[in-house]
Amino acid sequence: MDLSGKVAVVTGAGRGLGRAYAEALAAAGAAVVVNDVDPGAATEVAEAIAAAGGKAVAEAGAVGGSQVAERLVDTAVKEFGRLDVMVTNAGILRDRVLWKMSDEDFDAVVEVHLRGTFTCARAAAVRMREQGEGGRLILISSPAGQRGNFGQTNYAAAKAGIVAMARTWAMELARSNVTVNAVVPVAATEMTKTIPVFAPVLEEAERTGGPLPEWLRKDEGLGTVEDVAGLIVYLASDASGGVTGQAVGIGGDKLALWSHPAEKAVAYADGGWSADAIAASWESTAGAEPETYGIPAPKGPSS
């Protein structure tokens, strides 16, 4: 996959998944603007890319407001002459159950994930439309946004909103040949290390340098951050020109296309539905097979 001549911005690229995305894009030939709220981390990644023979510059800043978003695009144009790919990866966590979540907890997560995705994508779309040569918006979502997750009101809501924006922008930017897709990654990160069934396995692999077990990579679709990066490179490439408006999951050995919300069951009543009529027929009509919710609990290795 050759991305030579393309220029990408990756937000939240100082560590973890974001770093893997930035390094994979650079290894495929793209010039990369490495963003992170931590200037030292951004610089370290940019220098590592350069040391490996790639092209990268660091641009620190907390995504959310339009000023940082526009600065990232301006840096790409100033340093490399154009912008072809925007990867909106930056994020934070402020996990609390609903009755303990403060306004500040909620707003902080929505500011970085949802508003940060919006402002960075908007700035990129303006530039891509000016260039007139198309482009790629790659928005990072999460299984929590697709299924919900205990204690993550703010995070799940933001990540669900990101997928909704991907569908909307895919329509709006189609005539400009700018594709927009959401990625739903699962990887061994600091967050997944807190899950009891995963923790000892991930710690052992980290200690020994050995591979993750097959049940984790296949059954749970959970691997390394590098396992996710191939999808980012593909979506940034010319080969993915016909893919837009999709939510694509990846992790370990697993690649998946997430479904979009659709009417699952429909019932009709002449003259409309009263509350009593709904109550009398719900379990035998529209509500006969209720949807599940929440991320399924990990099963662990089979005995």
Side-chain angles (χ1 to χ4, degrees), residues 1 3 6-37 41-42 45-46 49 54-64 68-73 75-77 79-80 82-92 112-125 127-128 134-142 145 158-159 162-163 165-166 169-170 173 178-185 187 189 225-240 243-244 246-250:
M1 196 65 68
L3 301 183
K6 296 188 183 297
V7 179
V9 172
V10 182
T11 69
R15 55 185 58 81
L17 284 165
R19 177 169 187 163
Y21 302 157
E23 291 179 338
L25 289 166
V32 182
V33 176
V34 179
N35 161 259
D36 200 87
V37 68
V45 174
I49 289 172
K55 298 178 182 178
V57 295
E59 187 62 59
V63 302
V68 169
E70 290 167 5
R71 178 153 49 87
L72 294 176
V73 173
T75 297
V77 175
E79 296 291 334
F80 304 117
R82 58 185 297 109
L83 176 66
D84 302 283
V85 182
M86 172 64 75
V87 182
T88 59
N89 170 74
I92 61 172
V112 176
H113 287 277
L114 193 62
R115 191 162 185 260
T117 295
F118 161 67
T119 56
C120 288
R122 180 180 61 185
R127 177 63 192 179
M128 290 171 183
R136 303 285 186 265
L137 301 183
I138 303 171
L139 320 180
I140 308 303
S141 185
S142 165
K159 289 303 193 183
I162 285 169
V163 178
M165 290 194 297
W169 297 340
L173 291 168
V178 175
T179 66
V180 190
N181 292 285
V183 171
V184 185
T189 62
V225 293
E226 289 78 16
D227 288 321
V228 178
L231 176 59
I232 304 300
V233 174
Y234 166 68
L235 291 175
S237 75
D238 293 340
S240 67
V243 182
T244 191
Q246 304 303 303
V248 186
I250 189 167

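Worth saying up front: this structure is predicted, and the values here are computed from it rather than measured.
V34 approaches A56 most closely through the heavy-atom pair CG2-CB, 4.3 Å. Contact detail for G16 and V225: the closest heavy-atom pair is C-CG1, 4.0 Å. The two atoms that bring A46 and V57 nearest to each other are CB-C, 3.9 Å, heavy atoms only. For the residue pair F80 and V32, the shortest heavy atom distance occurs at CE1-O, 4.0 Å. The shortest heavy-atom contact between S141 and A182 is CB-CB, 4.5 Å. Closest non-hydrogen pair, D84 versus M128, comes out as O-CE, 3.3 Å.
The closest donor-acceptor contact from the side chain of T11 to the backbone of N89 lies under 3.5 Å. With T179 contributing its side chain and T244 its backbone, the two residues share no donor-acceptor pair below 3.5 Å.
L3 contributes atom CG, which lies 11.5 Å from atom CD1 of I232 (distance to the nearest 0.5 angstrom). For the atom pair CG of N35 and CZ of R71, the computed distance is 8.0 Å after rounding to the nearest 0.5 Å. In this structure, the separation between CD on E70 and OG1 on T75 is 11.5 Å, given to the nearest 0.5 Å. Here the straight-line distance linking atom CD of E226 with atom CD of E23 works out to 7.5 Å at 0.5 Å rounding. With rounding to the nearest 0.5 angstrom, the CZ atom of R122 is 11.5 Å from the CE atom of M86. One distance of note links CG of L235 with CE of M1; it measures 9.5 Å at 0.5 Å rounding.
Of the charged side-chain nitrogens involved, none lies within less than 4.0 Å of a carboxylate oxygen, so that D36 and R19 do not count as a salt-bridged pair.
S142 is not listed as a side-chain neighbour of H113, based on a closest heavy-atom distance of 4.5 Å or more. I138 is not listed as a side-chain neighbour of N181, based on a closest heavy-atom distance of 4.5 Å or more. Side chains of L139 and V180 form a contact here, defined as non-hydrogen atoms less than 4.5 Å apart.
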With side chain to side chain contact (heavy atoms under 4.5 Å, CB included) as the test, would you mind laying out the steps for V9 and C120 before giving the verdict? CA-CA 9 Å; V9 172; C120 288; over 6 Å; no
Does I92 form a side chain to side chain contact (heavy atoms under 4.5 Å, CB included) with V37? I'd like the steps, not just the answer. CA-CA 11 Å; I92 61 172; V37 68; over 6 Å; no
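Each of T88, L114, I140 was scored for a side chain to side chain contact (heavy atoms under 4.5 Å, CB included) with I162, with one residue passing: L114.
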